[in-house]
S.K.: 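One structure coming up, written as structure tokens, with questions to follow.
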Amino acid sequence: MAATRKSSNGSNGAANAVVDDIAERTARIKEELASLGEALAGAGAVQAGVAREAAETRVDEILKNGEKLVADMSEQLSRAEKQVSTTVRDKPLQSLGVAVAAGFLAAFLLRR
């Protein structure tokens, strides 16, 4: 109530003080929002970096597993090739008969 008893000039001074206070608070809020935005952008960049590192690690694991699988399959193929080669040397007529039968079967299936 004391403010209402002041002259109109004093009333304008109080109003200006309130407006200045609001402007000052608004400026601080803007600064805090800007710093919050920067912090969020930094956090997003950090999370993107973490996600990128996790993806790169996973890709490396997949590549290593793929290389191991290829090496295992190559080894199995090599063993099978040696076994077939040994069998053909040990039993040439039987191997020829199996090859002819496989050829006839393939021709029969492909004709249809």
Side-chain angles (χ1 to χ4, degrees):
M1 290 212 178
T4 57
R5 291 185 186 154
K6 290 185 180 179
S7 68
S8 63
N9 192 10
S11 190
N12 281 343
N16 284 339
V18 170
V19 169
D20 289 342
D21 185 45
I22 291 172
E24 183 180 318
R25 288 182 183 186
T26 303
R28 275 189 281 164
I29 290 172
K30 286 181 180 179
E31 289 173 4
E32 289 176 6
L33 285 174
S35 66
L36 179 62
E38 291 172 3
L40 287 174
V46 167
Q47 285 191 353
V50 169
R52 183 179 303 116
E53 288 176 13
E56 288 174 355
T57 301
R58 184 69 179 136
V59 167
D60 288 342
E61 289 174 4
I62 290 171
L63 285 175
K64 287 178 185 177
N65 288 340
E67 289 172 354
K68 185 178 183 296
L69 182 64
V70 167
D72 290 346
M73 291 178 73
S74 176
E75 184 180 325
Q76 288 178 357
L77 181 62
S78 177
R79 281 191 302 234
E81 182 183 11
K82 287 179 184 177
Q83 185 179 6
V84 168
S85 182
T86 302
T87 303
V88 168
R89 282 191 196 124
D90 291 345
K91 302 176 184 177
L93 291 178
Q94 185 180 5
S95 299
L96 181 63
V98 169
V100 169
F104 279 126
L105 179 63
F108 178 75
L109 292 175
L110 291 175
R111 249 190 293 174
R112 292 191 171 230

S.K.: For Glu61, check side-chain contact (heavy atoms from CB on, under 4.5 Å) against everything at least two apart and list the hits.
M.R.: Thr57, Arg58

S.K.: To the nearest 0.5 Å, tell me how far Gln83 CD sits from Asp90 CG.
M.R.: 11.0 Å

S.K.: Output yes when a side-chain donor or acceptor of Ser85 lies under 3.5 Å from a complementary backbone atom of Glu81, and no otherwise.
M.R.: no

S.K.: Is there a donor-acceptor pair closer than 3.5 Å between any side-chain N or O of Ser78 and the backbone N or O of Ser74?
M.R.: no

S.K.: Mind checking what makes side chain to side chain donor-acceptor pair (under 3.5 Å) contact with Glu75, not counting sequence neighbours?
M.R.: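 For Glu75 the side chain to side chain donor-acceptor pair (under 3.5 Å) partners, ignoring immediate neighbours, are Arg79.
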
S.K.: Measure the CG-CG distance between Asp60 and Asn65 for me, rounded to the nearest 0.5 Å.
M.R.: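 If I round to the nearest 0.5 Å, the distance is 11.0 Å.
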
S.K.: Among all residues two or more places apart in sequence or in another chain, which pass the side-chain contact (heavy atoms from CB on, under 4.5 Å) test with Arg25?
M.R.: Asp21, Arg28

S.K.: Which value, rounded to the nearest 0.5 Å, describes the distance between Ile29 atom CD1 and Leu36 atom CG?
M.R.: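 With rounding to 0.5 Å, CD1 (Ile29) is 12.5 Å from CG (Leu36).
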
S.K.: Rounded to the nearest 0.5 Å, what separates atom CG in Leu33 from atom OG1 in Thr26?
M.R.: 10.5 Å

S.K.: When rounded to the nearest 0.5 angstrom, what is the spacing between CD1 in Ile62 and NZ in Lys64?
M.R.: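 The distance works out to 12.5 Å.
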
